[in-house]
Amino acid sequence: MTPQPVHLSLENIQHVGIPVTNIEVSENFYRNLGFENVMRANFVHQDETGICIMMRQGTIIIELYQMPQKELAGIAARKDGHVDHVAFDVANIDKIFSVLAKAGYHIIEEAPVHLNFWTNGCRYFNVLGPDGERLEFNEML
């Protein structure tokens, strides 16, 4: 059975969840991008303890969670993780690219890429996080 269309009033992305293999390394990575840790909590998965943190910058929240030890090899072996990418709106793509490149982030593209999306197009580039997650920085033109 196909679900029926619904009309929802969605306001923002609440958070994006990313499984990580080392919560401290990932927390530091996102902190260096200007995020602040606003929550830390343990959780139980199959009778073992994992760790979850919420990193926030403005209204953007990223949930980073480290599963119990026996799950970490499987997470590390993922090519793209469960999330293909998280995209952030930016006002000056060239400036952001320059700042991240100078700071030593692993940028996939050699320069921002133009796409004929939206009314006037957009430009974007991706940065890889410590567990291979892709962070897209996108400027709508």
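Worth saying up front: this structure is predicted, and the values here are computed from it rather than measured.
Summarising the geometry of Ile93 relative to Phe137, their closest heavy-atom pair is CD1-O, 3.2 Å, with the distance given to 0.1 Å. Between Met55 and Arg31, the closest heavy-atom pair is CE-N, 3.9 Å. Nearest approach of Asn116 to His114, heavy atoms of both residues: OD1-CE1, 3.0 Å. Counting all heavy atoms, side chain and backbone alike, Ser26 lies closest to Pro130 at OG-CG, 3.6 Å. What you find for Phe97 and Glu110 is that their closest heavy atoms are CZ-O, 3.3 Å.
Leu100 contributes atom CG, which lies 11.5 Å from atom CG of Asn126 (distance to the nearest 0.5 angstrom). For the atom pair CZ (Arg134) and CD1 (Ile108), the distance works out to 5.5 Å, reported to the nearest 0.5 Å. We find the NE2-CD1 distance between His15 and Ile60 to be 14.0 Å, quoted to the nearest 0.5 Å. Between the CG atom in Leu72 and the OG1 atom in Thr21 there is a gap of 6.5 Å [rounded to 0.5 Å]. Here CG of Asn32 is found 4.5 Å from OH of Tyr105. Values are rounded to the nearest 0.5 Å.
In the hydrophobic cluster analysis, where Ile, Leu, Val, Met, Phe, Trp and Tyr join through side-chain heavy atoms closer than 4.5 angstrom, Leu128 is grouped apart from Ile18. One hydrophobic cluster, built from ILVMFWY side chains closer than 4.5 Å, holds both Val113 and Phe117.
Counting non-hydrogen atoms of other residues, nucleotides and ligands closer than 6.0 Å to CZ of Phe43 gives a total above 12.
Thr49 and Asn42 share no side-chain donor-acceptor pair at under 3.5 Å. Of the N and O atoms on the side chains of Glu139 and Asn92, not one donor lies less than 3.5 Å from an acceptor on the other residue. Side-chain contact of Asn22 with Gln66: a donor-acceptor pair under 3.5 Å is absent, judged by distance alone.
By the 4.5 Å heavy-atom criterion applied to side chains, Leu135 and Tyr30 are counted as neighbours. Two residues are said to be in side-chain contact when any heavy atoms from C-beta on lie closer than 4.5 Å; Val20 and Glu27 fail this criterion. Looking only at side-chain heavy atoms (C-beta outward), Asp131 and Val25 stay at 4.5 Å or farther from each other. Under the 4.5 Å side-chain criterion, counting only non-hydrogen atoms from C-beta, Glu136 is not in contact with Val86. Within the 4.5 Å cutoff, side-chain heavy atoms of Gln46 are placed close to those of Glu71. Side chains of Ile51 and Tyr65 form no contact here, defined as non-hydrogen atoms less than 4.5 Å apart. When side chains are defined from C-beta on, Asp94 counts as touching Arg123, because their heavy atoms get closer than 4.5 Å. Within the 4.5 Å cutoff, no side-chain heavy atoms of Gln57 are placed close to those of Glu36.
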**OP:** Evaluate the criterion side-chain contact (heavy atoms from CB on, under 4.5 Å) for residue pair Asn138 and Val90; output intermediate values, then yes/no.
**Re:** CA-CA 6 Å; Asn138 188 305; Val90 298; 5.8 Å; no
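In this structure, Phe29 has its ring center no closer than 6.0 Å to that of Phe35.
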